[in-house]
Amino acid sequence: MAVGILDVDLCGPSIPRMLSVGKPEVHQCDLGWVPVYTDAQKSLALMSIGFLLEDPDEAVVWRGPKKTALIGQFVSDVAWGELDVLLVDTPPGTSDEHLAVLENLKKQHKVDGAILITTPQAVSTGDVRREITFCKKTGLRILGIVENMSGFVCPHCSECSNIFSKGGGEELAKLTGSVYLGSVPLDPLLTTSIEEGKDFIQTFPDSATFSAINSIAQTLLTSIQNP
Amino acid sequence: MADIPSDAPQHCPGTASEQAGKTSACQGCPNQNLCSSGATKAPDPAIEEIAEKMLTVKHKILVLSGKGGVGKSTFSAHLAHALASDATKEVALLDVDICGPSIPRIMGLEGEQVAGLSLCLSPRYVEDNLAVMSIGFLLSSPDDAVIWRGPKKNGMIKQFLRDVDWGELDYLIVDTPPGTSDEHLSIVQYLSSARIDGAVIITTPQEVSLQDVRKEIRFCQKVQLPIIGVVENMSGFVCPKCKNTSQIFPPTTGGAERMCEEMNLTLLGRVPLDPRIGKSCDEGKSFLTEVPDSPAAAAYHSIVQSIQAYCLSHVTREESAG
């Protein structure tokens, strides 16, 4: 399967580090910008403003119109090639980046839908309710809700602690008539892998966390293949 | 002229922006000639109006982060509670996270919307000496989304600063959304003639967070905003059963401590993960009152004291400079 990730979090681009691609240069070809591939097989293609910054600590201090313009370019000028799935990672909110990516994608592509991520707490689901309204108002199908940071199992004694409360994701799905895709626990092995840009799924295939993520991915695939 | 005139095209860059009249979106706009002549880039009179308003506000503190979900709003709320615990101090908390206004819930003011009075800009009071303003109060439903582009968000922030009757305040705390964009530029721009004491920057221990926080620090340097210091949130979790500590968000590159050493900044403190913090926020209560004896509460108090000391030392320095 060929997958692309478009990172439109222009102020806080985390995808390059999480996928451990270092500091590659972005080249142009006849068809546009060449995405950065994570492997020789080109199974995962990435584009992020993180690749375009000389200095990784450089702040992107841009107002909305400039962000909108770059996102337009990311959508139309990157030579993604044949992809099975393009994932778009967005910053929090319902503003320029979200409007820009949706408007530009819709010009030439079918947008299957949105996955909404929340933590279990009411403070988080409170904001996601507004994100759900954004989706409804813009005609974006909601593929489902994922509850992240859903409980922590102590590696020393196996006690489960609900650090960020419990159950909010499922309640939100019920309240808003959305599909509940599942929950992903807090897992220091996952957070360490992401920090170091390692492939968690390769390194810890037997973990409950992998099983949770995998189950969500399978449900999503089924959902987009059978709309 | 309004930042976005009513007859402006969809991607209007804003009349005060450097791109005013010059972007492709400007083609055909009736204001294009005026904007490109530079006439609309005259200093916004609101800046002086806001400076005038802010004369009765002794200390202004911005709470920033590069990254979302690190606990900015949680920290801002508890900073406000802690400062207001001194009944002789007047404190206000301004929430400029226009798209994701969490402050009303965290401060126990959810449902304080006044139906039909969407232009009402009176702050709401948690205590007699603790006022709060958020766009959350102007929305009639918890499902309402604020789907605004930058220029409209900027207009709201200007109104919050200029048109809210803040009165005499010892502290105005401004909670921001993550990033280095419209909201952050606008707050700094509109307060440019009023002195901001500084920014408190929130991070978690991970490099994925610090990476964005370094950008936030560069933003502060770029706009000459002093940095009071950095708070490392979610810094370790002590299992309530076996009391072992787990680093759920591991400081793989030395955490905030090393970043502060490298960038010559003050590490104000580290707050551990405590499920009771999130619970308090969800219930709109102050964690500091609910669980006063916890290590997290002690960490908050120490951080707040450092922030107060910074603000007071600034005043002393300015007074002696004459």
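Below, chains carry the letters A, B, ... as their sequence lines are ordered, and counting in each starts from 1.
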Which of [options] touches chain A most, by non-hydrogen pairs under 4.5 Å:
{"options": "R214(B), K222(B), K67(B), E207(B)", "result": "E207(B)"}
{"options": "L185(B), I217(B), T253(B), I106(B)", "result": "L185(B)"}
{"options": "G68(B), C239(B), G14(B)", "result": "C239(B)"}
{"options": "D144(B), V213(B), D143(B)", "result": "D143(B)"}
{"options": "P275(B), G150(B), P151(B), P13(B)", "result": "P275(B)"}
{"options": "S181(B), S73(B), P178(B)", "result": "S181(B)"}

Determine the option with the most heavy-atom pairs under 4.5 angstrom with chain B, choosing from [options].
{"options": "L99(A), I132(A), D9(A)", "answer": "L99(A)"}
{"options": "D55(A), T176(A), L10(A), T125(A)", "answer": "D55(A)"}
{"options": "G64(A), A59(A), P65(A)", "answer": "A59(A)"}
{"options": "D127(A), I163(A), T191(A)", "answer": "I163(A)"}

Non-hydrogen atoms of chain B under 4.5 Å away: do they reach the side chain of [X], the backbone, both or neither?
{"X": "P188(A)", "result": "both"}
{"X": "K137(A)", "result": "side chain"}
{"X": "E196(A)", "result": "side chain"}
{"X": "T192(A)", "result": "both"}
{"X": "K67(A)", "result": "side chain"}
{"X": "P91(A)", "result": "neither"}
{"X": "L175(A)", "result": "neither"}

Under a 4.5 Å cut-off applied to non-hydrogen side-chain atoms, are [X] and [Y] in contact?
{"X": "I201(B)", "Y": "F219(B)", "result": "no"}
{"X": "V70(B)", "Y": "F75(B)", "result": "no"}
{"X": "V88(A)", "Y": "V75(A)", "result": "no"}

Does any backbone or side-chain atom of [X] lie under 4.5 Å from a heavy atom of chain A? Answer side chain, backbone, both or neither.
{"X": "I147(B)", "answer": "both"}
{"X": "D182(B)", "answer": "both"}
{"X": "T204(B)", "answer": "neither"}
{"X": "C242(B)", "answer": "both"}
{"X": "D97(B)", "answer": "neither"}
{"X": "R149(B)", "answer": "both"}
{"X": "T74(B)", "answer": "neither"}

Parallel, tilted or perpendicular, as decided by the 30° and 60° cut-offs, for the rings of F134(A) and H98(A): perpendicular

Working for side-chain hydrogen bond (donor to acceptor under 3.5 Å, both in side chains), residues E195(A) and T252(B): CA-CA 7 Å; E195(A) 282 281 281; T252(B) 58; 2.5 Å; yes

Atom CG of N264(B): over 12 foreign heavy atoms under 6.0 Å: no

Main-chain N/O of G284(B) paired to R105(B) side chain as donor or acceptor, under 3.5 Å: no

Hey, could you give me the [atom1]/[atom2] distance between [X] and [Y], rounded to the nearest 0.5 Å?
{"X": "H11(B)", "Y": "C29(B)", "atom1": "NE2", "atom2": "SG", "answer": "13.5 Å"}
{"X": "S178(A)", "Y": "I142(A)", "atom1": "OG", "atom2": "CD1", "answer": "4.5 Å"}
{"X": "F210(A)", "Y": "I201(A)", "atom1": "CZ", "atom2": "CD1", "answer": "5.0 Å"}
{"X": "F287(B)", "Y": "H81(B)", "atom1": "CZ", "atom2": "NE2", "answer": "12.5 Å"}

Ring centroid separation F152(A) to F237(B) under 6.0 Å: yes

Minimum heavy-atom distance M234(B)-G69(B), with the two atoms named: CE-O, 3.3 Å

Partner of H184(B) by side-chain contact (heavy atoms from CB on, under 4.5 Å), out of L64(B), L225(B), V223(B): L64(B)

